[in-house]
2 protein chains.
Amino acid sequence: MDKELVVIGTVRSSIKEVKSAPKMEDEDGAVRARIEMDPAYAEGLDGLEPGARLELFTWFHQSDRSVLKVHPRGIKERPLRGVFATRSPARPNPIGLHRVTLVAIEEPLTLVVEPLEAIDGTPIIDIKPKPKGR
Amino acid sequence: MDKELVVIGTVRSSIKEVKSAPKMEDEDGAVRARIEMDPAYAEGLDGLEPGARLELFTWFHQSDRSVLKVHPRGIKERPLRGVFATRSPARPNPIGLHRVTLVAIEEPLTLVVEPLEAIDGTPIIDIKPKPKGR
């Protein structure tokens with residue numbers, strides 16, 4: 001089966017560079033951001049309502065996919081650890097997972113979400129409602 | 001940037017067909033399953049310990065990627081809804097997200113996890129430690 005991802009939308013954020021982004025969406029510095037959806041996927045948004053808790057899947061397009069060990073949180077004093085034991089953006093498939101609230105849906109085809117730490121231009125690859133109780 | 005996913009491992013499960021799989025990992029029928037890792041990614045597992053709560057990312061390789069609206073949970077009486085407002089496996093990028101516990105690590109390069117509803121042969125595309133408190 002085809003394993004080529006399609007880009008369904010793009011993050012528009014005041015955070016422009018990885019070095020100024022927090023590591024997680026629940027850390028200081030995460031912001032209210034917009035997602036410009038590709039019109040080809042508009043129908044897939046049907047039923048989404050402001051206030052919804054969402055799981056947003058991004059593709060960390062600036063990540064090094066060849067890395068298998070990292071210093072946790074980039075702190076050199078911390079021993080190297082396998083990427084699957086960390087949430088480092090550097091990993092074979094650099095998928096980001098972000099819990100956000102859908103604040104508003106604006107024309108044309110823009111989702112306003114918060115808090116988000118992904119940088120401006122980050123591709124969105126999936127959106128799911130967060131299961132209740134988790 | 002390249003958006004072709006690599007397969008880092010494969011699910012081995014007693015659940016062989018989608019029709020006999022539950023819809024979510026916290027529903028009856030989810031099982032203890034094994035993940036055979038590709039040796040090329042072995043180093044990435046360093047630091048994972050039994051008991052860890054993980055987020056397992058799968059690729060629903062049997063899904064229809066052209067679908068943008070579904071009847072929730074496949075129930076025809078429920079009105080069609082956009083796939084991004086559901087957790088249907090049919091979606092443009094059929095990424096599955098499963099919360100599991102790492103029960104054991106066995107030689108060679110096998111993770112034993114539970115509970116998992118993904119069927120035998122499902123590709124694994126990422127593994128992340130679950131953030132504390134969610």
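Everything numeric here is computed off the predicted structure, so don't read it as measured data. Proteins get letters first, then strands, A, B, ... in listed order; numbering begins at 1 in each.
Tracing side-chain contacts under 4.5 Å through hydrophobic residues (I, L, V, M, F, W, Y), one never reaches B/L116 starting from B/M24; they form parts of separate clusters. The hydrophobic cluster containing B/V11 also contains B/L109, counting ILVMFWY residues as joined when their side-chain heavy atoms lie under 4.5 angstrom apart, directly or transitively. A/L54 and A/M37 fall within the same hydrophobic cluster, where Ile, Leu, Val, Met, Phe, Trp and Tyr residues are linked whenever their side-chain heavy atoms come under 4.5 Å apart, directly or through other members. Each of A/F60 and A/V18 belongs to its own hydrophobic cluster when Ile, Leu, Val, Met, Phe, Trp and Tyr are linked at side-chain heavy-atom distances under 4.5 angstrom. Residues A/V113 and A/I124 share a single hydrophobic cluster, defined by chaining ILVMFWY side chains whose heavy atoms lie under 4.5 Å apart.
Atom NZ of residue A/K132 and atom CG of residue B/D26 lie 12.0 Å apart, to the nearest 0.5 angstrom. Atoms CG and NZ, from B/L45 and A/K69 in turn, are 10.0 Å apart once rounded to the nearest 0.5 Å. The structure places CG of A/L48 at 9.5 Å from OG1 of B/T86, a figure rounded to the nearest 0.5 Å.
A salt bridge is absent between B/E4 and A/R65; no separation between the charged side-chain nitrogens and carboxylate oxygens falls under 4.0 Å.
For the pairing with B/K3, the side chain to side chain contact (heavy atoms under 4.5 Å, CB included) check across A/N93, A/L5, A/V6 returns one residue only, A/L5.
When all heavy atoms of A/L97 and B/E55 are compared, the pair lying nearest together is CD2-OE1, 3.4 Å. Of all the heavy atoms in A/P129 and B/F84, the pair that sits closest is CD-O, 3.6 Å. Residues A/G47 and B/A85 approach most closely at C-CB, 3.9 Å, considering heavy atoms.
Among B/P92, B/P79, B/A52, B/A42, the residue with the largest count of heavy-atom pairs under 4.5 Å with chain A is B/P92. Most heavy-atom pairs under 4.5 Å with chain A, from the set B/V83, B/I8, B/L68: that is B/L68.
Only the side chain of B/R91 comes within less than 4.5 Å of a heavy atom in chain A; its backbone stays farther off. When heavy atoms are compared at a cutoff of 4.5 Å, B/A40 approaches chain A solely by way of its backbone atoms N, CA, C and O.
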